[in-house]
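Below: the structure, in structure tokens.
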Amino acid sequence: MTVDFRVSEKESQAIQSALDQNKMHYEILIHDLQQEIEKQFDVKEDIPGRHSYAKYNNWEKIVAWTEKMMDKHPEMVSRIKIGSTVEDNPLYVLKIGKKKGRRKAIFMDCGIHAREWVSPAFCQWFVYQATKTYRRNKIMTKLLDRMNFYILPVFNVDGYIWSWTKNRMWRKNRSKNQNSKCIGTDLNRNFNASWDSIPNTNDPCADNYRGSAPESEKETKAVTDFIRSHLNEIKAYITFHSYSQMLLFPYGYTSKLPPNHEDLAKVAKIGTDVLSTRYETHYIYGPIESTIYPTSGSSLDWAYDLGIKHTFAFELRDKGKFGFLLPESRIKPTCRETMLAVKFISKYILKHTP
């Protein structure tokens, strides 16, 4: 398989020599990482003070935006504080839909990994489009008349802030680890789904550190508690990552296929087909383990094992040319095409789940 990795300037010569000696084919995707970091912000502010869906927004702007959405659409949007982070930032879920009555719901989260900025951009886009096109777009109107959406725009708030202020390539949260100077747990290895079954996730200094126990992290606990308490209504769980252009479903911790594998594969196939109709963006789909790599303790597998039988993870654009540093000019096209797939999955859930 193809592997992308990052090396310091100091080590680059030695690594290139090693690859050459072993006759391994490679190409340099990004020659100067810092340069690409600076080139990310390539979209000018439309109107100062107005929330921009074509730009990356820092945490302060996202919080202000959640308030604005509630004020603007009080009949449609409510904000629920489901917990707080290690650094005491609030974890907000936006509930989109009509207030009254029990109905099917879909839970969506973005930004579980701090550096994957296009992911929170999609959650903002989804809320904006859902509220803006209600009563104008047939599919969206039908969905919101009959379902609720619970949207967590930024799962890993502390890590997200850190990726804006200190280290653009940061992935984990910001919790302290006992007996280690290294900070942070990979929240997507911290769920109680075959936790710690994949080797090499027990080093606190590693990017994919699983944490000291399942749900050891405040962020994970807040999300699992919320989902468990709404289990009778949540019919699908969708999580947004970047990058790779994949639509994934369980399992990550085993090569065994889930009982409704054919159903998940069918939804994923049509979802990726629908997504490609807008800009011909090519996505592949399949179980996490064989499509991307084995993982343990992922939110996707946990939600599935809990009983939510339609769980999907999007790995958004691109395939590595920009990687985590997707320029702002690509945000809108990414969101537009992803929206088509999400609407299709939502329609399917509405029609085919009990």
Side-chain angles (χ1 to χ4, degrees), residues 53 65-66 68-80 82 92-110 119-153 223 226-227 230-240 247 249 260 263-264 266-278 283 285 300 303-304 307-314 316 332-354:
Y53 296 93
W65 165 82
T66 62
K68 198 178 93 178
M69 294 316 274
M70 284 191 300
D71 295 344
K72 209 170 161 186
H73 308 280
E75 70 306 327
M76 185 84 101
V77 179
S78 52
R79 187 176 77 176
I80 308 157
I82 63 165
Y92 288 132
V93 163
L94 292 178
K95 179 183 180 183
I96 321 288
K98 295 290 177 53
K99 294 288 193 327
K100 303 201 172 37
R102 269 222 28 224
R103 31 225 301 254
K104 291 179 184 179
I106 293 178
F107 185 94
M108 294 174 11
D109 63 50
C110 290
S119 163
F122 176 74
C123 270
Q124 292 162 66
W125 178 267
F126 179 87
V127 173
Y128 166 62
Q129 287 296 324
T131 50
K132 188 178 96 158
T133 63
Y134 180 67
R135 293 215 174 91
R136 293 189 207 169
N137 172 286
K138 214 170 89 184
I139 297 170
M140 198 44 101
T141 305
K142 182 180 174 178
L143 289 173
L144 292 171
D145 278 341
R146 304 194 192 171
M147 296 178 93
N148 288 325
F149 289 87
Y150 293 110
I151 317 280
L152 177 60
V223 171
F226 181 83
I227 292 176
H230 292 78
L231 199 51
N232 56 0
E233 51 182 309
I234 295 175
K235 302 297 175 190
Y237 169 84
I238 310 176
T239 180
F240 296 87
L247 182 49
F249 48 84
N260 65 335
D263 189 31
L264 293 172
K266 180 178 85 173
V267 175
K269 183 197 184 311
I270 303 171
T272 54
D273 286 348
V274 167
L275 184 146
S276 70
T277 58
R278 186 82 199 242
Y283 266 59
Y285 64 90
L300 196 68
Y304 185 86
I308 302 168
K309 290 305 171 200
H310 291 88
T311 67
F312 298 97
F314 281 84
L316 301 173
K332 275 192 173 173
T334 302
C335 290
R336 285 194 188 112
E337 66 193 8
T338 308
M339 193 72 174
L340 297 173
V342 172
K343 278 162 89 167
F344 162 72
I345 294 171
S346 305
K347 270 195 317 191
Y348 186 90
I349 297 303
L350 186 59
K351 193 172 169 186
H352 296 282
T353 56

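Here, residue 1 is the first one in the sequence, and each next residue gets the next number.
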Got [X] and [Y] here, is their nearest side-chain heavy-atom distance under 4.5 Å?
X: Arg79; Y: Val93; answer: no
X: Phe149; Y: Val127; answer: no
X: Thr133; Y: Ile139; answer: no
X: Gln129; Y: Arg336; answer: no
X: Phe126; Y: Cys335; answer: no
X: Leu152; Y: Tyr92; answer: no
X: Met70; Y: Thr66; answer: no
X: Leu275; Y: Tyr285; answer: no

Show the nearest heavy-atom pair for residues [X] and [Y], with the distance to one decimal.
X: Thr277; Y: Val274; result: OG1-O, 2.6 Å
X: Lys95; Y: Asn148; result: CE-ND2, 3.4 Å
X: Thr311; Y: Ala303; result: CG2-CB, 3.9 Å
X: Met140; Y: Tyr134; result: O-CD1, 4.4 Å
X: Cys110; Y: Pro153; result: CB-O, 3.3 Å
X: Ile96; Y: Ala130; result: CG2-CB, 4.4 Å

Verdict with reasoning, Asp145 to Lys98, per side chain to side chain contact (heavy atoms under 4.5 Å, CB included): CA-CA 7 Å; Asp145 278 341; Lys98 295 290 177 53; 3.1 Å; yes
Flag, side chain of [X] to backbone of [Y], donor-acceptor distance under 3.5 Å:
X: Lys235; Y: Pro354; answer: yes
X: Arg278; Y: Thr334; answer: no
X: Lys104; Y: Thr353; answer: yes

Approximate separation, where rounding is to 0.5 Å, of [X] [atom1] and [Y] [atom2]:
X: Tyr53; Y: Trp65; atom1: OH; atom2: CH2; result: 6.0 Å
X: His73; Y: Leu94; atom1: NE2; atom2: CG; result: 11.0 Å
X: Glu337; Y: Leu316; atom1: CD; atom2: CG; result: 8.5 Å
X: Met69; Y: Lys72; atom1: CE; atom2: NZ; result: 6.0 Å

Could you tell me whether Lys68 atom NZ has more than 12 heavy atoms of other residues or ligands within 6.0 Å of it? yes
Identify all side-chain donor-acceptor contacts of residues 342-351 below 3.5 Å with residues at least two apart in sequence or on another chain.
unit_1: Ser346; atom_1: OG; unit_2: Val342; atom_2: O; d: 2.7
unit_1: Tyr348; atom_1: OH; unit_2: Asp263; atom_2: OD1; d: 2.3

When you look at His352 and His310, which way does the side chain to side chain contact (heavy atoms under 4.5 Å, CB included) test go after all the steps? CA-CA 10 Å; His352 296 282; His310 291 88; 5.9 Å; no
Checking His230 now: which residues fulfil side-chain contact (heavy atoms from CB on, under 4.5 Å) with it, not counting sequence neighbours? Tyr150, Phe226, Glu233, Ile234
Met108 and side chain to side chain contact (heavy atoms under 4.5 Å, CB included): which single residue from Tyr237, Phe312, Phe240, Phe314 fits? Phe240
Assess whether side chain to side chain contact (heavy atoms under 4.5 Å, CB included) is satisfied between Asp109 and Ile151, documenting all intermediate values. CA-CA 6 Å; Asp109 63 50; Ile151 317 280; over 6 Å; no
Could you walk me through whether Phe107 and Ile308 pass the side chain to side chain contact (heavy atoms under 4.5 Å, CB included) check? CA-CA 10 Å; Phe107 185 94; Ile308 302 168; over 6 Å; no
